[in-house]
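First up is the structure itself, then whatever we jot down about it.
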There are 2 protein chains.
Amino acid sequence: MQLDERKTKILQAIIRNYLETGEPVGSRTISKYTDLNLSSATIRNEMADLEEMGYILQPHASAGRIPSDRGYRFYVDTMMAEKEREVVEMKEMLLERQDKMETLLKKVVKALANNTQYATMISAPSTHRNKVKFIQLSRVEENQILAVIVVEGNVIKNKILSITEPLTDETLLKLNILLNTHLNGMSLEEINLGMIAALKQQAGIHSNIVSEVIDAVAEAIKADEDLEIYTSGTNNILKYPELADQEKASELINTFEEKQQLTELVLDTLSDDNNTGIQVYIGDETPVESMKDCSVVTATYDLGDGMRGTIGIIGPKRMDYDKVVGTLRTLQNRLDDLYGEN
Amino acid sequence: MQLDERKTKILQAIIRNYLETGEPVGSRTISKYTDLNLSSATIRNEMADLEEMGYILQPHASAGRIPSDRGYRFYVDTMMAEKEREVVEMKEMLLERQDKMETLLKKVVKALANNTQYATMISAPSTHRNKVKFIQLSRVEENQILAVIVVEGNVIKNKILSITEPLTDETLLKLNILLNTHLNGMSLEEINLGMIAALKQQAGIHSNIVSEVIDAVAEAIKADEDLEIYTSGTNNILKYPELADQEKASELINTFEEKQQLTELVLDTLSDDNNTGIQVYIGDETPVESMKDCSVVTATYDLGDGMRGTIGIIGPKRMDYDKVVGTLRTLQNRLDDLYGEN
DNA sequence: ATTAGCACTCCCTTTAAATGAGTGCTAACA
DNA sequence: TGTTAGCACTCATTTAAAGGGAGTGCTAAT
């Protein structure tokens, strides 16, 4: 048996209706809902077929049908191929470029949550920034040295070092030159133990400063492993009865608060990059355990220069895929436009 | 009528019992629960008195009694005065001083949530840090200048400036000297328009750099207005039926995610500093709207040097005040010890 | 002052019945 | 052969009634 046009229409009608109401949908509803002019009995026959084919299922014997994961998947696939979507009112917010990336991201994720009424997340853009660009030690107080390290992608790391031995300005200058000449342009792999030992030796009594600076360098470079993630609208989870029970909701809320688990989602999205950069995880497809009963839609945005991040929307399986994908797509374009050229 | 010893004992018994069970408690229970050897009838009489006095109330005519806000208040006041508490197993976690404050705070707030099974928050220590300590401009690339600003309390602000006009190293040095001689030691109030104009004039063609630096200074100084707050265990809210309904839980979760509203709590706690630094807000007493049905216990911790922060525990009114206050107190001491001397 | 006893209240649970949305199947129809 | 009307059946949900039970207030006796 295969999915002819009529079955397709009926399936879509079932799903669309279920997305709206959240209730199992019966044959009579579809009979009226579609423009097929078929009686409920005919629809029933078709529904029996669709169920046999695994696209829909019955929560219990005398209930209507709800989409199965496979049904959702079909719906999403056909829908994604279909249309380009209208622009949302998020425009003006993005019009003037925020000077602080953090503020922008928080605003975006919040607007997205308000807009969609789902839980949302966004990861700060990260790149491979693995080369040291600039190091500077400065005295800020008698016994305090400020180390500033800049790595590729203009990621800046500050560290205050307390010194015990007196340090003349001249020595400080020498240390600066020493560090810069040896470490500039180096990647994490290139800075090996031998090199560190050599540096320490040259620094003599101030070798501990070298140690601390190198620690800071390491931290700055690997900082993107725990990438920053902002969330919003977690409370929207409670709006959907199928997610709102104590157990599931609790886990989800925790996931959103801890953020740790969300990085998996980000990494998965970034790694497996298809043409559009928009991905839909339905039920078990998700890489995050606590979202097994949800659907997750993610989008990759690209600010050029290898700086990429992920936006995600998490909701019930009966999520309004159409709207969500559309919203994400426009948002994606906005971000790309805004930062892309720079 | 006044609260004699017997009434006090009965009231405490009622509250303690209610804290455990979450159910209204009846006279017979108390009759057995206490060591007073009184019949349920006598207890009933006393309970009638206590109700008249406003310490307890009946959810409905034939139910047991639950504590009123006033009852909780009484309980907390007597309890706080009473005892010094046993030490919790949070010790080892704090033993070695974390190099990153952020990591420490996240660990603390998480441990606290696990420990108490309530929702918890902690604010990063902030001080009045309102004086500029150090400014430095450095070239990191041909057309990019890094501005580093350090203000009191070692709060560091970085800003990358893109320049259009060429800038010699010599000019850069001059700018550095210019900025430092004029701005070092200055507070936000002291940096006025006239001064800024003068600086700009001296900077000549590079006046825009001065502008940007001053913007950054302003940001660094006022950064403590939106102080950083970490939360954990938000999902614990759902554990308490009296908070778990869609409406309330949703607002609470939102408060914890947004964090904005939590600053009110922090500020209130920090401002109104009593002897111990531990405060209990019951029901309406809280400064945060969404917590009207909760109790909130906050503690101030002090790292010396004017660096102070707030820890908070948010739970149902029938919170285990005893344990919570005890835990907070020891935690407070730990933090003070750990960072105090430095 | 304390207590036993009792009538009364009212929430909650259980049980049963009624409802109604939806199905599968069969037979008739075009 | 595909479509449809009709009907018996299923089963979650709603509604109503009944009963239980925890707890109270009051009174009278100790």
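To find a chain, count down the sequence lines: A is the first, B the second, and so on, and within it residues start at 1. What you are looking at is a predicted structure, and each value in this text was computed from that prediction instead of being measured. Computed over heavy atoms, backbone and side chain alike; hydrogens, waters and symmetry mates excluded.
Taking a cutoff of 4.0 Å between a charged side-chain nitrogen and a carboxylate oxygen, B/K7 and B/D49 qualify as a salt bridge. A salt bridge links A/K110 to B/E258: at least one charged side-chain nitrogen sits closer than 4.0 Å to a carboxylate oxygen.
Of the N and O atoms on the side chains of A/T231 and B/E257, at least one donor lies less than 3.5 Å from an acceptor on the other residue. Judged by distance alone, the side chains of B/S40 and B/R28 never bring a donor and an acceptor atom under 3.5 Å apart. Inspection of the B/T269 and B/T300 side chains reveals no N or O donor paired with an N or O acceptor under 3.5 Å. Between the side chains of B/D268 and B/Y281, at least one donor N or O lies within less than 3.5 Å of an accepting N or O. A donor-acceptor contact under 3.5 angstrom links the side chains of A/Y321 and A/S295, judged on distance only.
Heavy atoms only, all atoms of each residue included: B/E285 and B/R73 are closest at OE1-NH2, 2.6 Å. Of all the heavy atoms in A/G315 and A/C294, the pair that sits closest is O-CB, 3.1 Å.
Between D/dG25 and B/R65, a contact under 4.0 Å exists linking OP1 or OP2 to a side-chain N or O.
A donor-acceptor pair is defined here as one N or O able to donate and one able to accept, closer than 3.5 Å; such a pair exists between the side chain of A/T330 and the backbone of A/T327.
Of all the residues in residues 17-36 of chain B, not one reaches under 4.0 Å from DNA chain C with any non-hydrogen atom. Residues of residues 38-55 of chain B having a heavy atom closer than 4.0 Å to DNA chain D, listed by number: B/R44, B/M47.
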Shorter than 3.5 Å, N or O on both sides, protein versus nucleotides 9-11 of chain C: list them out with atom names.
from   : atom 1 : to    : atom 2 : distance (Å)
C/dT9  : O2     : B/S62 : OG     : 3.0
C/dC10 : O4'    : B/S62 : OG     : 3.2
C/dC10 : O2     : B/S62 : OG     : 3.3

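The separation between A/K7 atom NZ and D/dG2 atom C1' is 12 Å, rounded to whole Å.
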